[in-house]
Structure formats: C-alpha cells, structure tokens
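The structure appears below as structure tokens.
By convention in this document, chain letters (A, B, ...) are assigned in the order of the sequence lines, proteins followed by strands, and residues within each chain are numbered from 1. Note that these values count all heavy atoms, side chains included, but never hydrogens, waters or copies made by symmetry.
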Amino acid sequence: MDYAEYFTNRPTDEITRDLIGRPLTFNNRTEKLGGYIVEAEAYMGKLDRAAHSYGGRRSPSNEGLYRTGGTIYIYAQRQYFFFDVACQKENEPQGVLIRAIDPVWGIDTMVKNRNGKSGVLLTNGPAKMMQAFGIHNKNWNLHFLSDSPFIIDLDNNHKRIAQEIIADKRVGINQSDPVWANKKLRFYVAGNPYVSDMKKRDCAYSNGWA
DNA sequence: GTCACGATGCTCT
DNA sequence: GAGCATCGTGACC
C-alpha cells in the first residue's frame, strides 16, 4: 500500500489509531533516527473546532492540511515544531499529529540533539520528538512523505502490537467548545512511558507492547 | 515525583 | 496585540 492510499481511504481517526505501533524514522543524511509511534491525535478538518482548518480557515501556514493525504504538514508554535501528516483527498483539510515515539534507532544522536536529555524525556512530546530529530525549521513542510527523509513504515510485519490502545481527549485544546475538546481523538499505547504526561506509576513493565 | 508557572516566537485579527 | 496542537525549571511533597 502506498502513502496516498493509506492516508485517504478511511476516516482520519481510524488512520490515527492504525498508526500506533508503526515505525517512524527520519534520515538525517548520516543515519536513521526514530522509533515506534506511541501517541497520535486526529484533527477532523473544517468541522473540528480544535483544527487549524476549522471553518475552512486557510493560509500559507496551514496549507499543508489542504494537500492530498500523505503530505507533510509542519507547524511552528513558539520556538517549537510539530509533525503532522495530511489525511483525506485534496481540499479536505484533515490530519494526524504525531505526538510521541518509543525511540529505537539512532538514540545516541537523538540524545545529543536534545542537549543530553535521555530516557523518557527524549521523545515524550511532539516538539521534543522534532528536537530529537534535529529539526529546527519547516524545510519539509508540504513535501509528500515519499519525497522526504521521513519514513512511516506501512508494512504490517514491522508494526509493533500494543496490548491496549487508549482513546482519550486531545492535549492542550481550547475548552471553548467542550464537544470537540472532549472528543476522543488522541490514541496512545496504554502504559508506555514515552506517551506525553504518562505517570510513572501508570507505566507497564513491557512498556505496553504485546 | 508532581504540580504550577513563565518563557518565547509565529500567525492571524 | 492576543492567543496558542509546549517545554523546562524550580518549589514542594
């Protein structure tokens, strides 16, 4: 299956859930960095109060959401960057925010990129993950996944299976519209320590993998 | 280990 | 000029 097909043929929340456990890597020209996706959020487009494309809002900065499924949408907020992938067909501005990975490849380099922070602090949040990859700009915004150094491995044989995937409300959403703010559009591996805000006491021995 | 708060810059009004 | 799809630090368990 190619990216265009994977990111268009189902509802965005279903795609988001399916991404949990798949490898996400970034090739920095020297080596491969990355790990297994453990947390992601769905943004459901024009109707979603929390989405950047709510009400059809469109500008150069959120253009990526309007592109065809599989296009990278990198968003800057404060000094931090977020990695999203557009979902659905062109002009249907939905997307997935990758929030956290369980690091596997190039850990030493990622620790350096994070100024020596290691352990769960390495990648337990969307901006931390981008720092770990060494990304400090929007260079890859609007590129299609297959024309970028990012790889989301869609081979089912490479997907790690979570014991349990939790659906919960999204993080940091404005509560002015409680209906959308409380929709369960964030998916994560139960008990995995790299999930943002995961409490130590809630971590499972196996990190939540089957 | 958990909580609260202030830093900080890009985007749109 | 306000508002954020956040993070790190420092105070107290």
Side-chain angles (χ1 to χ4, degrees), chain A residues 7 12-13 15-17 19-20 24 37-67 71-88 93-101 103 110-142 150 166-188 191-205:
Chain A
F7 285 103
T12 299
D13 51 342
I15 297 169
T16 306
R17 184 189 185 93
L19 283 169
I20 302 297
L24 166 66
I37 297 169
V38 294
E39 183 181 11
E41 288 178 356
Y43 286 86
M44 305 301 282
K46 297 175 185 173
L47 297 176
D48 184 351
R49 227 12 215 285
H52 292 156
S53 53
Y54 171 68
R57 236 186 62 194
R58 185 169 187 168
S59 74
S61 61
N62 72 356
E63 175 66 21
L65 284 173
Y66 285 83
R67 299 291 177 90
T71 303
I72 294 170
Y73 168 44
I74 294 178
Y75 174 77
Q77 165 166 132
R78 290 179 156 77
Q79 68 269 51
Y80 307 123
F81 291 91
F82 303 84
F83 179 79
D84 298 44
V85 180
C87 293
Q88 310 311 330
Q94 306 190 20
V96 176
L97 166 68
I98 308 297
R99 287 189 56 87
I101 61 175
M110 292 198 285
V111 169
K112 285 189 193 115
N113 288 340
R114 288 273 295 134
N115 277 323
K117 297 197 186 337
S118 60
V120 299
L121 294 178
L122 189 56
T123 52
N124 67 340
K128 297 178 190 178
M129 181 185 82
M130 291 295 264
Q131 270 180 34
F133 287 168
I135 295 170
H136 301 284
N137 56 53
K138 290 167 60 173
N139 271 359
W140 297 107
N141 187 37
L142 304 184
F150 291 94
I166 307 273
D168 205 349
K169 62 185 174 199
R170 293 170 289 184
V171 172
I173 301 296
N174 186 326
Q175 292 290 322
S176 61
D177 185 340
V179 174
W180 278 99
N182 293 316
K183 273 190 194 289
K184 297 189 171 182
L185 292 172
R186 176 169 71 113
F187 299 90
Y188 63 87
N192 187 284
Y194 293 93
V195 173
S196 54
D197 289 331
M198 180 66 69
K199 303 287 183 264
K200 195 122 190 177
R201 62 168 174 268
D202 293 333
C203 291
Y205 185 67

Margin query: Without decimals, in angstroms, what is the distance between Arg58(A) CZ and dT13(B) C1'?
Written below: 20 Å
Item checked: Sugar-phosphate only, base, or nothing, as touched by Pro60(A) at under 4.0 Å among non-hydrogen atoms -> nothing
Notebook entry, point to check: Once you round to the nearest 0.5 Å, how far does CG of Asn141(A) lie from OG1 of Thr71(A)?
Noted result: 9.5 Å
Notebook entry, point to check: Does Pro103(A) reach the side chain of Tyr194(A), with side-chain heavy atoms less than 4.5 Å apart?
Noted result: yes
Notebook entry, point to check: When the distance from CE of Met198(A) to P of dC7(C) is rounded to whole Å, what number comes out?
Noted result: 15 Å
Note to self: Which helical stems does DNA chain C take part in, if a stem means at least 3 consecutive Watson-Crick or G-U pairs with both distances below 3.5 Å?
What the structure shows: B:1-7 with C:6-12, B:9-12 with C:1-4
Checklist line | side chain to side chain donor-acceptor pair (under 3.5 Å) partners of Asn192(A), counting only residues at least two apart | finding: Asp102(A)
Check: For the side chain of Ile173(A), counting heavy atoms from C-beta on, which of dT2(B), dC4(C), dA5(C) is nearest?
Finding: dA5(C)
Detail all sub-3.5 Å separations between protein N/O atoms and N/O atoms belonging to nucleotides 9-13 of chain C.
none

Check: What's the spacing between Ile37(A) CD1 and Leu19(A) CG if we round to 0.5 Å?
Finding: 5.0 Å
Note to self: Atom CG of residue position Asn115(A) - does it have more than 12 heavy atoms of other residues, nucleotides or ligands inside 6.0 Å?
What the structure shows: no
Notebook entry, point to check: Under the side-chain contact (heavy atoms from CB on, under 4.5 Å) test, which residues partner Lys200(A), sequence neighbours left out?
Noted result: none
Per-pair distances, 0.1 Å, donor-acceptor, side chain in residues 175-183 of chain A, under 3.5 Å, sequence neighbours excluded:
residue: Ser176(A); atom: OG; partner: Asn174(A); partner atom: OD1; Å: 3.2
residue: Asp177(A); atom: OD1; partner: Val179(A); partner atom: N; Å: 3.1
residue: Trp180(A); atom: NE1; partner: Leu47(A); partner atom: O; Å: 3.1
residue: Asn182(A); atom: ND2; partner: Pro178(A); partner atom: O; Å: 2.9

Margin query: Just verifying a value: how many Å separate Tyr73(A) OH and Ser61(A) OG, rounded to the nearest 0.5 Å?
Written below: 6.0 Å
Next item on the list: Just grab all the salt bridge (Lys or Arg N to Asp or Glu O under 4.0 Å) pairs involving residues 54-63 of chain A, residues at least two apart or on different chains.
Entry: Arg58(A)-Glu63(A), Glu63(A)-Arg67(A)
Notebook entry, point to check: Under the 5.5 Å and 30° test, is Tyr43(A) stacked on the base of dA5(C)?
Noted result: yes
Next item on the list: Give the nucleotide from the list dG8(C), dG1(B), dA5(C) with an atom nearest to the side chain of Lys200(A).
Entry: dG1(B)
Contacts under 3.5 Å, N or O only, protein and nucleotides 3-5 of chain B:
none

Checklist line | Interatomic distance where CZ belongs to Phe82(A) and P belongs to dT8(B) [whole Å] | finding: 17 Å
Note to self: It should be established whether Asn174(A) places a side-chain nitrogen or oxygen under 4.0 Å from OP1 or OP2 of nucleotide dG3(C).
What the structure shows: no
Margin query: Enumerate the side chain to side chain donor-acceptor pair (under 3.5 Å) contacts for residues 122-134 of chain A, please, sequence neighbours excluded, ordered by first and then second residue.
Written below: Arg114(A)-Gln131(A), Asn124(A)-Lys128(A)
Tabulate protein N/O versus nucleotide N/O from nucleotides 9-11 of chain B, keeping only pairs under 3.5 Å, one per line.
residue: dG9(B); atom: N2; partner: Arg78(A); partner atom: N; Å: 3.0
residue: dG9(B); atom: N3; partner: Arg78(A); partner atom: N; Å: 3.4
residue: dT11(B); atom: OP1; partner: Lys138(A); partner atom: NZ; Å: 3.2
residue: dT11(B); atom: O3'; partner: Ser61(A); partner atom: OG; Å: 2.8

Next item on the list: Quickly work out the Tyr54(A) OH to dC4(C) P distance and round it to whole Å.
Entry: 13 Å
Checklist line | Arg170(A): partners by salt bridge (charged side-chain N to carboxylate O under 4.0 Å, His left out), with sequence neighbours left out | finding: Asp48(A)
Item checked: For atom NE2 of His136(A) and atom C1' of dT8(B), their distance in whole Å -> 16 Å
Check: Tell me the salt bridge (Lys or Arg N to Asp or Glu O under 4.0 Å) pairs involving residues 37-47 of chain A, sequence neighbours left out?
Finding: Glu39(A)-Arg99(A), Glu39(A)-Arg186(A), Glu41(A)-Arg99(A)
Check: When we call it a touch if two heavy atoms are under 4.0 Å apart, what does Arg186(A) touch: a base, just sugar-phosphate, or nothing?
Finding: nothing
Margin query: Please determine whether the number of non-hydrogen atoms from other residues, nucleotides or ligands lying under 6.0 Å from atom NZ of Lys169(A) exceeds 12.
Written below: no
Next item on the list: To the nearest 0.5 angstrom, please state how far the CD1 atom of Ile72(A) sits from the CG atom of Asn139(A).
Entry: 11.0 Å
Notebook entry, point to check: Any ring pair (Phe, Tyr, Trp, His ring centres under 6.0 Å) pairs touching residues 42-63 of chain A, not counting sequence neighbours?
Noted result: His52(A)-Tyr75(A)
Checklist line | From dG8(C), dA5(C), dT6(C), nucleotide with atom closest to Leu97(A) side chain | finding: dA5(C)
Note to self: Using whole Å, what does the distance between atom C1' of nucleotide dA5(C) and atom CG of Leu185(A) come to?
What the structure shows: 12 Å
Check: Taking atom P of dC4(C) as reference, at what distance in whole Å does atom CZ of Arg49(A) sit?
Finding: 10 Å
Note to self: Does Tyr80(A) reach a base, just sugar-phosphate, or nothing at all? Heavy atoms under 4.0 Å.
What the structure shows: base
Next item on the list: Give one of base, sugar-phosphate or nothing for Ala50(A), where a contact means two heavy atoms less than 4.0 Å apart.
Entry: base
Next item on the list: Can you tell me the distance, in whole Å, between the NE2 atom of His52(A) and the P atom of dG3(C)?
Entry: 16 Å
